[in-house]
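To keep things clear, I will list the structure first and then write my remarks on it.
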Amino acid sequence: MDVIDQEHDELETAFQAKVEAEQRIEPKDWMPEKYRQTLIRQMSQHAHSEIVGMLPEGNWLTRAPSLKRKTILMAKIQDEGGHGLYLYSATETLGISRDEMFEQLHSGKAKYSSIFNYPTLNWADIGAIGWLVDGAAITNQIALCRCSYGPYARAMIRICKEESFHQRQGYDIMMTMAQGTKEQREMAQDALNRWWWPTLMMFGPNDANSANSAQSMKWRIKRQSNDDLRQKFVDATVPQAEFLGLTIPDDKLAWNDVRGHYDFGEIDWEEFKAVVKGNGLCNRERLQARVDAHDGGKWVRDAALAYAAKKADRKAKAA
Ligand code: BYC
C-alpha cells in the first residue's frame, strides 16, 4: 500500500468513526467521494420532488371550494417551494451548482418521487395528498432528521414541522368529506383508492432490492430501511382511515398479533418501475411544466443579474 492509499484509509476510518459516534459531517469536513455523490443524488432528488410536487396541487388552486381552503392550499404549496429551495441550497454545499441540478432534472437524468406522476382528478385528491403523501413524507423525513450530513439533517427538522401542518390540513379535508354527503364520502373513498398504493411506493423498493440502502445505512444517511418506514406508515395510517370510516383498498390488510404490525398486500412493482422510468400517467406533463417554468423565468434571472451588476458597478465608481 503506498502512502496516499494509507492516508486515504486513515481518513475513511476516522470518518466512519465520527459517523458512528453520531457526530455530524459538515461541508468542509473530509468525506468519501461516494458519500458526497450519494448525498447529491438523494438530496437533489428530494429537492426536485418538492418543486415537482407543487404541480398536482397547483392544479386545484383555482377550484378550491372556499376562500379558506384556497388560502390554506396556497400556503402549503408555497411551503413546498420553500422546501425545494432550502434543499437545493443544502445540496450546493456538496459542490454542485443549482444550474447543474436543474439540467439533470430537465434532461430526465435525475429522478423525483414517483408519487407526483399521478393526476389529481377531484378536490378529495388534495385531501388524500395531504393526509397520505405528506404523512408518508413525514415518516421518511423524521428518520432523516438524524442523517449524518449536518445541512440535510437540519433542513429536515424545519421541513418536518411544516409537513406536519400539511398532513393535518389533508386529514381535515378528508374528515369534512367523510362526514359530508353521500357523494362527498364517495369522492373521499375514490381518492383513497387511487392514492393508497402509489403512496406505499414512495418508500422505494423492498429492502432486498434496494441498491443503495446497505451503504447509506452504514454511512447513516438513511437511518431506517425502506420496508421499516413503509410498515411504520401503514401501522399509523390504518387507524386514521378507520376513524374516517373509509376502507383501505387492500384485502390482505390485517392486524398480525404475533408481529405487532399490520400485514399488507404486495405493491405492483411493475407499475412502480414504469413510473420511475418515465412512463407514468403524468411524467411528460410534469417535466414539461418544469422546463416551461424555467424557460419562462429566464428574463427574471437575467434582470436580477443585470441589476446586481449595475449596483456593483455604481458602488465601485462611488468608491
Ligand atoms: N420514486 O436503492 P433505493 C414531499 C429510486 S416530497 C422515484 O432504495 P435510496 C411533498 C432511487 O432513487 C418528499 N424513484 O434508493 C412535496 C434509486 O435510484 P437511483 C420526497 C425512487 O435513495 C410536495 C432506486 O429507485 N421525499 O414530501 O436509498 C407535496 C433504488 O432505490 C423511489 C424524498 O425525496 C420513488 N418513490 O432510497 C407533497 C425523501 N424510490 O437514484 C409532499 C428522500 C426509490 O439510484 N429520499 N427510487 O437512480 C429518500 O429517503 C430515499 O432516496 C428513498 C429511496 C427512500 C426515496
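In what follows, every heavy atom counts, from backbone to side chain, and hydrogens, waters and symmetry copies are set aside. One-based numbering, in listed order, for ligands and for the atoms of each.
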Quick check on [X] - does any of its heavy atoms sit under 4.0 Å from an atom of ligand 1?
X      : answer
Ser113 : yes
Glu163 : yes
His166 : no

Inset, instruction - Return yes when atom CZ of Arg168 has more than 12 non-hydrogen atoms of other residues, nucleotides or ligands closer than 6.0 Å, and no otherwise. - result: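 Not more than 12 within 6.0 Å, no.
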Legend entry - Lys232, NZ: over 12 other non-hydrogen atoms inside 6.0 angstrom: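 Result for NZ/Lys232: open.
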If I apply the N/O under 3.5 Å rule, does [X] come out as touching ligand 1?
X      : answer
Asp134 : no
Met54  : no
Asn140 : yes
Ile129 : no

Legend entry - Single-linkage hydrophobic cluster, 4.5 Å side-chain cutoff, Trp131 and Val234 together: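 In one cluster with Trp131: Val234, yes.
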Legend entry - For Ala124 against Asn122, the heavy-atom pair lying closest together: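 Distance-wise, the nearest heavy atoms are N-OD1, 2.8 Å.
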Legend entry - Where Gly53 and Phe116 come nearest, the two heavy atoms and their spacing: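 Where Gly53 meets Phe116 most closely, the heavy atoms are CA-CD2, 3.5 Å.
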Does [X] come within less than 4.0 Å of [Y], counting only side-chain N to carboxylate O?
X      : Y      : answer
Asp172 : Arg69  : yes
Arg223 : Glu22  : yes
Glu266 : Lys252 : no

Legend entry - Protein contact to atom 5 (C) of ligand 1 [nearest heavy atom, distance to 0.1 Å]: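 Nearest neighbour among protein heavy atoms for atom 5 (C) of ligand 1, to 0.1 Å: Lys111 CD, 3.9 Å.
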Inset, instruction - Considering heavy atoms of the protein only, find what lies nearest to atom 11 (C) of ligand 1 and give residue, atom and distance to 0.1 Å. - result: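 Here the closest protein heavy atom is Arg41 NH1, 4.1 Å.
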Legend entry - Worked verdict on Glu26 versus Arg154 for salt bridge (Lys or Arg N to Asp or Glu O under 4.0 Å): CA-CA 11 Å; Glu26 296 299 336; Arg154 288 189 288 274; 2.8 Å; yes
Numbered atoms of ligand 1 (with element) below 4.0 Å of [X], judged on heavy atoms:
X      : result
Ser114 : 1 (N), 7 (C), 35 (C), 36 (N)
Gly204 : 40 (N), 44 (C)
Ala137 : 27 (O)
Asn226 : 8 (O), 55 (C)
Gly53  : 23 (C), 29 (C)
Pro205 : 8 (O), 30 (C), 31 (O), 44 (C)
Phe203 : 55 (C)
Asn212 : 2 (O), 3 (P), 15 (O), 17 (C), 28 (O), 45 (O)

Legend entry - Between Arg41 and Ser216: side-chain donor-acceptor atoms closer than 3.5 Å: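 No, no side-chain donor-acceptor contact under 3.5 Å.
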Inset, instruction - Check the side chains of Asp292 and Gln288 for a donor-acceptor pair under 3.5 angstrom, ignoring hydrogens and angles. - result: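 Yes, a side-chain donor-acceptor pair sits under 3.5 Å.
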Inset, instruction - Kindly state if atom 55 (C) of ligand 1 has a protein heavy atom within a strict 4.0 Å cut-off, that is, under 4.0 Å? - result: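 For atom 55 (C) of ligand 1 the answer is yes, since some protein heavy atom falls inside 4.0 Å.
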Inset, instruction - Measure Phe116 to ligand 1 on non-hydrogen atoms and call it side chain, backbone, both or neither using the 4.0 Å cut-off. - result: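 Under 4.0 Å from ligand 1, Phe116 contributes side-chain atoms alone.
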Inset, instruction - Please work out whether any backbone atom (N, CA, C, O) or any side-chain heavy atom from C-beta onward of Ser210 is under 4.0 Å from ligand 1, and answer side chain, backbone, both or neither. - result: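 Ser210 to ligand 1: contacts from backbone and side chain alike.
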Inset, instruction - Nearest heavy atom to atom 26 (N) of ligand 1 wins, so pick from Lys76, Lys222, His46. - result: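 Looking at heavy atoms only, the winner is His46.
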Inset, instruction - Closest by any non-hydrogen atom to atom 51 (C) of ligand 1: pick that one out of Gln45, Met156, Gln42. - result: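 Shortest heavy-atom distance from atom 51 (C) of ligand 1: Gln42.
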Inset, instruction - Decide yes or no for Gln189 and Leu192: does some side-chain heavy atom of the first lie under 4.5 Å from some side-chain heavy atom of the second? - result: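 Yes, their side chains come closer than 4.5 Å.
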Legend entry - Inter-residue atom distance Arg230.CZ - Met201.CE, 0.5 Å rounding: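 Output value for this atom pair is 9.5 Å.
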